[in-house]
Each structure stands twice: as structure tokens, then as C-alpha cells.
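Here is the structure we will look at.
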Amino acid sequence: MVPDFILTEFENAIKKIGLKDCSKLRFEAPKNPDFGDYATNIAMIVAKDLKKNPREIAQKIIELVDFDKQIVERITIDGPGFINIKLSNLFFAQELEKMYQFGEEYGKSFLGKGLRANVEYVSANPTGLLHLGHGRNACIGDSIANLYSWLGYDVTREYYFNNAGKQMTNLARSIYARYRHLLGEEEYPFPEDGYFGEYIKEIANELVQKYGNSLVPETNENLEICKKFGEEWCFNKIRKTLSNLNIFHDVFYNEDSLYHNGKIDEVIKIFREKELVYEKDGALWLSLTKLGLKEDRVIVKSTGEPTYRLPDIAYHREKFLRGFDLIIDIFGADHIATVPDVLAGIRALGFDDKKVKVVIHQFVTLMENGVQVKMSKRSGRSYTLDELIEEVGADVVRFFFLMRSVSTHLEFDLNLAREHSEKNPVFYLQYAYARICSIFDTAKERNITFDEKANTDCLNLPQEINLIKIQRLFPEIIQTSAEKFEPQILADYLIDLATAFHSFYHDCRIIGSDEPILSARFKLTKVAQRILKNGLTILGVNTPERM
RNA sequence: GCGCCACUAGCUCAGUUGGAUAGAGCAUCAGCCUUCUAAGCUGAGGGUCACAGGUUCGAGUCCUGUGUGGCGCGCCA
């Protein structure tokens with residue numbers, strides 16, 4: 001972010017040349033550092049309106065601005081009319097002091113103070129184990145929750161599930177069939193769309209241990225026992241897997257409760273009052289065409305059961321009624337079709353659907369030795385999330401799921417993930433952190449202390465200044481990463497920071513330097529340590545002090 | 001057939017609301033440890049930004065069309 005004193009000075013200059021509107025004034029960091037630290041294209045943008053040459057306008061602007069020469073080293077006009085500003089090393093050295101003074105939680109802000117955010121993620125029904133897609137969803141959701149929490153929001157982490165309906169019946173029947181198979185009745189029919197995974201056999205086996213053959217009569221009661229048992233079994237596994245990733249939800253919201261507490265009926269009633277529903281073929285249809293969409297959809301089947309759309313709308317309405325200012329949903333790409341319907345429903349109920357942010361992530365493919373590891377739900381031979389965590393560790397799983405942009409397909413390279421070496425970016429980051437810790441350990445051992453009050457103005461080597469420049473970006477990175485719902489931005493940034501630190505470390509000694517360099521470099525190192533700690537924590541990656 | 005997402009170096013990916021000479025990691029090649037962790041650092045080579053038009057001072061980025069891949073398009077969730 002451009003320093004305020006530059007912004008105000010430029011705003012004043014622009015007003016003086018007769019432009020009232022300053023909204024187009026933007027500063028960016030030029031890609032080529034030779035141009036300076038900040039650049040603005042304002043002269044080119046207003047050239048047309050003023051009917052003047054952009055370079056002439058730029059010239060006028062820089063004649064009107066006045067800066068301390070010690071802070072602003074030079075202002076130049078380059079190319080078609082860019083105004084480039086180069087700040088002095090002294091400026092950056094002083095910025096380090098500010099960052100250091102911010103303390104342990106450098107990067108936190110108060111943008112979301114007093115606001116409540118709800119982040120819904122994972123939301124897998126208790127019919128099976130989590131697979132890799134859920135893993136990506138979980139890691140993205142948890143990091144986004146962390147990011148908003150760092151922006152000062154009061155964040156609720158939520159898991160929405162359905163333990164009723166067709167899928168659960170299917171689960172019960174699948175378990176029951178396996179149960180009968182285990183009792184020796186191999187010819188007992190397995191449901192056609194049943195769950196084929198091995199875990200169903202495990203569940204059935206536990207039922208045999210617990211109930212023996214007492215569930216043999218195929219009664220509703222016995223199927224209900226299978227259902228409850230299966231649900232609990234799956235949920236325990238899911239929670240265990242999530243806890244292995246250090247992910248914990250605040251609220252588990254049961255879809256079924258929307259039926260029991262009449263919330264579904266309330267929504268239907270409102271839709272009726274607004275004349276947004278009609279009966280056709282024995283079903284109740286929502287007039288999405290009246291809301292600007294292409295097709296109407298059924299919300300209550302002719303059997304009297306709602307389709308998924310209705311509880312989804314009711315659920316989102318509840319989120320609004322619970323008082324959230326920001327509602328974030330993390331969905332896999334297969335859910336994309338439902339989003340416009342739910343948002344339209346919410347709008348129709350009189351809520352501001354702009355407060356709902358739907359993050360759609362693309363799928364995950366697992367690669368091993370250059371070929372894709374096939375995952376089939378039907379055969380049940382899919383690689384479970386748990387197996388992956390077991391194999392490569394939670395830190396690698398979390399980082400790998402976050403290091404790619406949410407909107408792109410993610411290729412999970414098992415060989416790279418297994419590699420505990422410099423090739424693996426997780427270790428590159430953790431190594432930087434451990435290295436820093438080791439510096440402080442060594443200093444302690446050798447009784448070297450540094451002066452908190454020492455001035456950082458003495459820093460001016462390129463490696464030092466470069467590191468400070470990157471450190472300064474951290475709060476902004478957190479903000480963009482959150483606003484764009486892209487933890488990958490933070491992940492990439494941390495790698496840049498680690499690179500800048502390693503480079504500084506390589507060229508500049510800390511222990512052994514004389515004052516005031518010693519203390520200044522200690523502060524520089526301390527800030528790098530805090531950023532790595534905070535950044536990795538937001539991503540859910542551990543920061544070991546030794547490696 | 002329709003909708004969404006993608007297409008950038010050999011591979012995996014970045015690329016800030018359109019900016020100046022398109023970047024990183026891996027892989028390849030060449031260097032750097034008696035000093036705070038070499039899981040590190042420094043350097044080199046490697047590109048028709050899928051293709052074709054358009055918009056303008058200026059396009060990897062915006063618009064249109066085409067191609068390729070993924071995911072959806074139910075009274076399943």
C-alpha cells in the first residue's frame with residue numbers, strides 16, 4: 001500500500017491542475033524495480049479529458065508535489081507518462097521499526113471489527129469417509145476462516161449435514177446387506193446404488209460384534225439401528241480425519257432440524273405470499289424465471305418431500321437471521337449449478353445475496369509417477385483423505401491443497417509430497433522458520449542480547465532493504481487473500497518472504513555484527529519470524545522450531 | 001445442445017482493478033560450506049501467453065468466435 005503522505009500530496013497536486021475527481025489515482029509497484037517503488041499512470045488516464053500530452057501533465061504534477069528528500073529519493077517521468085517514485089533506504093529502515101513495534105500479531109487488522117462471518121465448509125454427509133476433494137474443501141475453508149479472523153471478524157466455522165433421506169437409507173441398506181453377508185448369507189442382495197466402499201464391511205463387522213445375529217429379521221427397526229450406527233461411525237471418522245488436519249468446526253448444523261422447527265414451511269409460506277410458487281404435476285415449483293433465471297425448479301416433489309433446493313434456501317435464510325454479515329460457502333465444482341437457485345431464493349426472501357460469497361473450487365487429481373491415480377466412488381477404491389494424511393503428513397496436505405488457486409484444477413503430486421527435501425515447498429518454509437529460531441537460540445546460548453530501542457536506520461544493504469519491502473506487504477497480502485478467497489496468494493507470498501530471508505541470511509551475518517547493525521538485524525529477523533509463524537498458522541501449517 | 005472453470009517455459013503453476021523488458025518452483029547445466037541449520041545461496045539456458053479477430057496510447061489480462069480438457073445441466077444432494 002502506498003504511504004499516505006504520497007497519496008495526499010498527489011491528490012492535492014491533481015486538484016491544483018483542475019481535476020476534482022481523485023478516484024482514478026492509483027499507485028502500483030512496478031514490475032521492474034529500476035523504475036522505483038511506486039508508479040502511477042494518472043497522467044495517461046486524464047490526458048484525453050485535458051487534451052494534453054500525458055508527459056506534460058506528469059511534469060506539471062511532479063512540479064506541484066513536495067517531499068522530504070531524505071524519504072523520497074527521486075520522482076521521474078518515464079515511458080508514455082508514468083510517474084515513478086523511488087523511496088529511500090531510510091524510509092524502509094524506519095518502516096521496519098514500525099513493523100517490529102506492531103508486535104507478535106503483525107498482520108492483524110480491524111477491518112472486520114464488529115462484523116460476524118460464517119464460513120461453511122466440508123459439509124459432507126455421514127455416509128462415508130472423506131476423500132481428497134473434501135480435503136481441498138476443508139483446507140480452503142479453514143484457511144479462509146483464519147484469514148477473516150485475522151481481519152478482525154468474529155468467525156463461525158460451520159458444517160452442514162443431512163442425516164435423513166434417501167442417501168442415509170441407502171447407507172443403512174448397504175450396511176445391512178454386508179451384515180447379512182458376514183453372517184454367511186452371501187446371496188443376500190446388495191442395493192444397486194449402494195455404497196461399495198470397504199468401510200461398509202468394517203461397519204457391518206462391528207455390528208456383528210455388537211449385535212451378533214439379532215438384527216437378522218429385516219425390520220425397519222433393525223435398518224434404523226444400521227443407519228444410526230453407520231451415521232455415528234462415519235461421523236466419528238470424519239471428525240477424526242479433520243482433527244488430524246487440525247480442523248475443528250464450531251457448529252454442526254443438521255438439515256433435518258429445518259423440518260422439525262418449521263423453517264421449511266415458513267419459507268414455503270413466504271414464497272406463496274409472494275406468489276413465487278405454483279403447483280404442477282403434483283409438485284410445487286419455484287418460479288425462478290420470475291427471479292431472472294432460465295428455468296423454474298421443483299422445490300417439493302409430488303411425494304411431498306422437498307428437493308435439496310428448499311432446505312438450502314431455508315438454511316441460508318437462517319444464516320441471515322442468525323445475524324451474519326458475511327456468509328461464505330465453500331463448494332466443490334459439482335455444486336455449481338445449485339448456487340444461482342439458492343441465491344435467487346434468498347433474494348426473493350428479501351435478503352441481500354451479495355453478503356453470500358460462494359467459493360467454488362475445482363477438482364483434485366492425484367498423480368503418482370506421472371500418471372493419474374484413479375479414484376472411483378463406486379468401486380470404493382478411492383484414496384481417502386486419511387490415507388493421504390497418514391502417508392505424507394498433515395502439513396504437506398494442508399499446504400499442497402492451498403498452494404494452487406482455488407479456481408484451477410489441482411494436481412496433487414504424491415512423489416513430491418512424499419519428498420522430505422528441498423524440493424518440497426512446505427519444508428522450504430518450515431526450514432526458514434527453524435533457521436530463524438536457531439539464530440535466536442544460538443544468541444541466547446552465547447548471551448548475545450539486542451537493544452529493543454536501537455535504531456534501525458543503519459540498514460541499507462540490498463538484501464536487508466529487499467526483505468523489509470516484502471515484510472511490509474504482509475497485512476495487504478492477508479487482506480487480498482481474504483477478499484479474493486484465495487489462500488494461495490498468501491502461500492506464494494510466504495515463499496517469496498522465505499526466499500528473501502534465506503538470501504539475507506546467506507549474505508549478512510547477524511550474530512557477530514557490531515551495534516547498531518546487530519540489533520537492527522535482530523529486529524529484521526524477528527519480523528520475518530513473526531510473519532512466517534502467522535502466515536503458516538493461517539494456512540494451518542505447523543512451525544517446528546527445529547528441523 | 002446449454003452453463004461454469006481452465007489453457008502461460010520440458011513438467012506444475014504465479015501474473016494484483018489493462019501498464020513499461022512475461023515470472024517462480026521442479027527438471028537440465030555451472031558455481032558457493034573451518035563462521036548464526038547447505039532442507040540454503042548465486043548464475044545460465046528454456047516462451048508464437050491454445051488459435052483468430054476486435055476494443056485503445058498500451059492486451060497474458062477486457063469483448064466476440066473457434067479448438068482442447070475438466071465439472072455440471074433430475075420431482076438426486
Side-chain angles (χ1 to χ4, degrees), chain A residues 26 28-32 34-35 39 41 44-45 47-48 53-54 78-82 84 123 125 127 162 165-167 170 193 255 280-285 294-295 297-309 311-312 332-340 360-363 365 367 370 403-413 416 419-432 434-443 445-446 448 463 476-477 480 484 488-489 491-492 495-496 498-499 501-513 521 525 546-547:
Chain A
R26 297 261 155 76
E28 57 168 14
K31 278 183 205 157
N32 185 343
D34 295 343
F35 287 126
N41 59 355
M44 289 174 315
I45 290 175
K48 222 179 213 175
N53 180 316
D78 299 291
F82 289 104
N84 289 318
S123 294
N125 286 335
T127 56
N162 178 9
K166 207 166 130 191
Q167 290 184 67
N170 199 354
D193 328 319
E255 178 184 326
K280 194 178 105 188
D281 305 330
L284 190 67
W285 293 69
K294 281 188 179 165
E295 277 177 289
R297 299 283 183 188
V298 171
I299 54 170
V300 181
K301 300 183 229 173
S302 51
T303 58
E305 286 172 279
T307 65
Y308 68 89
R309 272 172 256 268
D312 262 15
D334 52 342
H335 276 67
I336 189 139
T338 82
V339 174
I360 303 276
H361 67 265
Q362 296 298 309
F363 280 29
T365 43
M367 299 293 283
M403 70 181 182
R404 298 293 177 239
S405 168
V406 164
S407 63
T408 62
H409 201 92
L410 187 143
E411 202 160 290
F412 195 108
D413 184 341
L416 180 60
E419 186 117 24
H420 282 234
S421 77
E422 77 282 357
K423 290 174 197 164
N424 193 323
V426 183
F427 296 109
Y428 184 78
L429 290 172
Q430 291 183 325
Y431 183 69
R435 219 179 194 186
I436 293 173
C437 293
S438 150
I439 296 167
F440 287 110
D441 285 349
T442 309
E445 275 169 30
R446 299 185 194 172
I448 298 165
Q463 294 88 339
E476 203 178 328
I477 290 288
T480 2
K484 294 187 154 189
Q488 167 264 328
I489 293 175
D492 269 11
I495 291 175
D496 283 349
T499 302
F501 177 76
H502 282 309
S503 176
F504 156 75
Y505 174 88
H506 185 264
D507 295 335
C508 308
R509 278 202 71 79
I510 301 158
I511 294 172
S513 301
R521 285 186 181 165
T525 305
R546 271 173 236 278
M547 282 175 77

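Worth knowing before you read on, the calculation uses all heavy atoms, side chains too, and leaves out hydrogens, waters and symmetry mates. Note that the structure is predicted; figures quoted are calculated from it, not measured. In what follows, every chain begins at residue 1, and chains take the letters A, B, ... in the order their sequences are listed.
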Base of [N] paired with side chain of [X] (donor-acceptor, under 3.5 Å):
X        : N     : value
A:Ser407 : B:C5  : no
A:Arg546 : B:U37 : no
A:Asp334 : B:G72 : no
A:Asn84  : B:A20 : yes

Comparing A:Asp496 and A:Cys437 on RNA chain B - which has the more 5′ nearest nucleotide: A:Asp496
If we only count heavy atoms from C-beta on, is the A:Tyr308 to A:Asn162 side-chain gap below 4.5 Å? no
Side chains of A:Val300 and A:Trp285: does their closest heavy-atom pair fall under 4.5 Å? no
Less than 4.0 angstrom from a charged side-chain N to a carboxylate O is my criterion; do A:Arg26 and A:Glu28 meet it? no
Using a heavy-atom cut-off of under 4.0 Å over every strand shown, decide if [X] touches base, sugar-phosphate, or nothing.
X        : answer
A:Ala39  : base
A:Phe440 : nothing
A:Glu255 : sugar-phosphate
A:Thr480 : nothing
A:Ala29  : base
A:Asp441 : nothing
A:Gln430 : nothing

Choose from [options] the nucleotide whose nearest atom is closest to any side-chain atom of [X].
X        : options             : result
A:Arg446 : B:U37, B:C71, B:C36 : B:C36
A:Ser438 : B:G72, B:U37, B:G19 : B:U37
A:Gln362 : B:G19, B:U21, B:C5  : B:C5
A:Ile336 : B:C5, B:G72, B:C4   : B:C4
A:Glu411 : B:U12, B:C36, B:G19 : B:U12
A:Thr499 : B:C36, B:C41, B:G40 : B:C41
A:Lys31  : B:G72, B:G60, B:C36 : B:G60
A:Trp285 : B:C32, B:C75, B:U16 : B:C75
A:Lys423 : B:C75, B:A27, B:U37 : B:A27
A:Thr307 : B:A77, B:A14, B:A20 : B:A77

Quote, to the nearest angstrom, the C1' distance that separates B:G23 from B:A9. 10 Å
Anti or syn - B:C71, cut at 90° from 0: anti
Return yes if a side-chain donor-acceptor contact under 3.5 Å exists between A:Asn424 and A:Glu419, otherwise no. no
